[in-house]
Each structure stands twice: as C-alpha cells, then as structure tokens.
Amino acid sequence: GNSVTQMEGPVTLSEEAFLTINCTYTATGYPSLFWYVQYPGEGLQLLLKATKADDKGSNKGFEATYRKETTSFHLEKGSVQVSDSAVYFCALGYSSASKIIFGSGTRLSIRP
Amino acid sequence: DAGVIQSPRHEVTEMGQEVTLRCKPISGHNSLFWYRQTMMRGLELLIYFNNNVPIDDSGMPEDRFSAKMPNASFSTLKIQPSEPRDSAVYFCASTEQRNQPQHFGDGTRLSIL
C-alpha cells in the first residue's frame with residue numbers, strides 16, 4: 001500500500017546550518033508529494049508541494065525535489081533560522097482518494 | 001479568504017461528559033477530515049467525508065466517537081462519554097479535490113479530567 005517514511009527526530013542544528021530531512025515513499029501510480037510544517041500551538045500548514053517526477057517545490061528558502069527513481073522527496077534549506085523550529089511532515093496524496101498519507105513528523109530545533 | 005474554522009479552541013471537561021467539536025471547512029471544498037494528534041500516537045486520521053458523506057471511518061477509535069456532516073459548511077465530532085485518554089488536539093482539514101493539499105484548522109485542545 002501507500003506509505004511515507006521520514007527521518008526520525010528530533011533534529012537540532014545551529015542557526016545558519018544546512019538542513020536535510022529525509023523522506024521516502026511507497027506508492028502506486030503518480031502521487032503528489034507535500035511537506036507540511038507545524039509551529040507550536042498551530043495546525044499543519046502546507047510548506048511546498050510537487051505533483052510529478054523531477055518537479056521542485058520551494059517556499060521560504062526550503063526546497064524538495066520529487067525523485068521517482070529513488071522514491072524520495074527530501075526537504076532542504078541552505079541556512080536555517082531560529083524561526084524554522086517546528087515539526088515537519090512529509091505527505092503523499094493520490095488521485096484515487098481524497099485522503100493524504102502523512103509521515104510521522106520530524107521535530108526540528110534551531111539553536112541561536 | 002477564511003480558512004478552516006474550528007471551535008472551541010480549548011475544552012476542559014470531566015470524564016463522562018459529552019464533548020462536541022465543531023468545524024467549518026473552506027467554502028467550495030468538498031472533502032473534510034478529522035484528525036487527532038497526541039505525543040504518543042502522532043497524527044491519526046479519524047474519519048473523512050466526501051460531499052457530506054462519510055467515506056472512511058476506520059480510524060474512529062471506539063463507538064464513543066461519532067461524526068456528522070449535515071451540510072457542506074459544517075461538521076461535528078462528538079465523544080460520549082469522554083475519557084481521560086481522549087485528551088488530545090483534534091484537527092479538522094478540508095480539500096477541494098483529490099491529490100490536492102489539505103488545509104488545516106488551528107485545532108481544538110481537549111483535556112478530559
């Protein structure tokens with residue numbers, strides 16, 4: 001069946017460090033892929049998305065490329081800020097159903 | 001544009017009481033989802049609706065939980081009777097079509113004493 005596996009947390013980095021959060025998926029057909037972010041006390045917000053192979057989603061300095069050959073959608077940012085501290089969820093959507101499959105979430109903490 | 005609106009934002013009640021959580025999806029969205037989030041179990045899908053019809057309620061933990069969507073602009077999640085282990089943050093989300101992102105409300109933080 002369809003599933004999403006993402007990097008275990010928590011991840012702690014210093015400000016201005018390079019960030020990678022790994023995400024791999026298993027799916028039939030051609031799913032859409034998403035990264036969501038959840039700040040403390042808030043709901044999940046869409047961070048970026050990609051709808052087909054080799055698409056790159058980007059937003060707020062974050063990027064992720066839909067890699068069909070490696071079934072991956074890793075989240076990257078070149079220089080993190082304290083304000084990026086949050087929980088990040090990788091997710092998969094597919095055309096045969098409305099629901100989205102979420103990964104378990106990765107908690108990111110950035111030290112000043 | 002108004003986002004997904006949930007009420008109340010916080011609810012504290014005693015074990016055994018009935019709890020009703022409310023959600024107003026984004027206008028024009030035809031799918032609505034109820035999630036529960038806890039530290040132990042993470043984010044769990046409880047139930048979702050397409051065009052006001054329940055499609056998958058396999059995530060509803062027990063018969064104490066029920067959800068309704070009487071029209072396209074309103075849904076409720078009810079717990080009766082409530083138990084301390086129901087304490088969690090409950091999120092509602094909506095989407096306009098398949099394979100599209102879901103939009104989440106700010107959640108209801110529920111504490112059962």
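Note on naming: letters A, B, ... go to the chains in the order of the sequence lines (proteins, then strands), and numbering restarts at 1 for each one.
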field: Heavy-atom proximity to chain A below 4.5 Å, by part of B:Q37
entry: side chain

- request: Tabulate, in ascending numerical order, the residues of residues 20-53 of chain A having at least one heavy atom closer than 4.5 Å to a heavy atom of chain B, or enter 'none'.
  value: A:Y30, A:P31, A:S32, A:F34, A:Y36, A:Q38, A:G41, A:E42, A:G43, A:L44, A:L46, A:K49

field: Contacts of residues 99-112 of chain A with chain B (heavy atom under 4.5 Å)
entry: A:K99, A:I100, A:F102, A:R107

- prompt: Residues of residues 59-89 of chain A under 4.5 Å from chain B (heavy atom pairs)?
  reply: A:F89

message: For chain A, which candidate among B:Q102, B:R9, B:H103 shows the most heavy-atom pairs at distances under 4.5 Å?
response: B:Q102

- line: One option among B:P101, B:S31, B:C92 has the most heavy-atom pairs under 4.5 Å with chain A, and it is B:P101

message: If hydrophobic clusters are built from ILVMFWY residues whose side chains come within less than 4.5 Å, do B:L32 and B:I5 share one?
response: no

Inter-chain contacts: residues 57-85 of chain B against chain A, heavy atoms under 4.5 Å: none

query: Do B:L110 and B:Y35 share a hydrophobic cluster (ILVMFWY, side-chain heavy atoms under 4.5 Å, transitive)?
result: no

query: Is chain A contacted by the side chain of B:N30, its backbone, both, or neither, given a heavy-atom distance below 4.5 Å?
result: neither

task: Say whether B:L21 and B:I26 are linked into one hydrophobic cluster, either directly or through other cluster members, by side-chain heavy-atom distances under 4.5 angstrom.
output: no

- prompt: Measuring heavy-atom distances to chain A, does B:D106 have an atom under 4.5 Å in its side chain, in its backbone, in both, or in neither?
  reply: both

- prompt: According to a 4.5 Å side-chain heavy-atom criterion applied to Ile, Leu, Val, Met, Phe, Trp and Tyr, with indirect links allowed, do B:F91 and B:F33 form part of one hydrophobic cluster?
  reply: yes

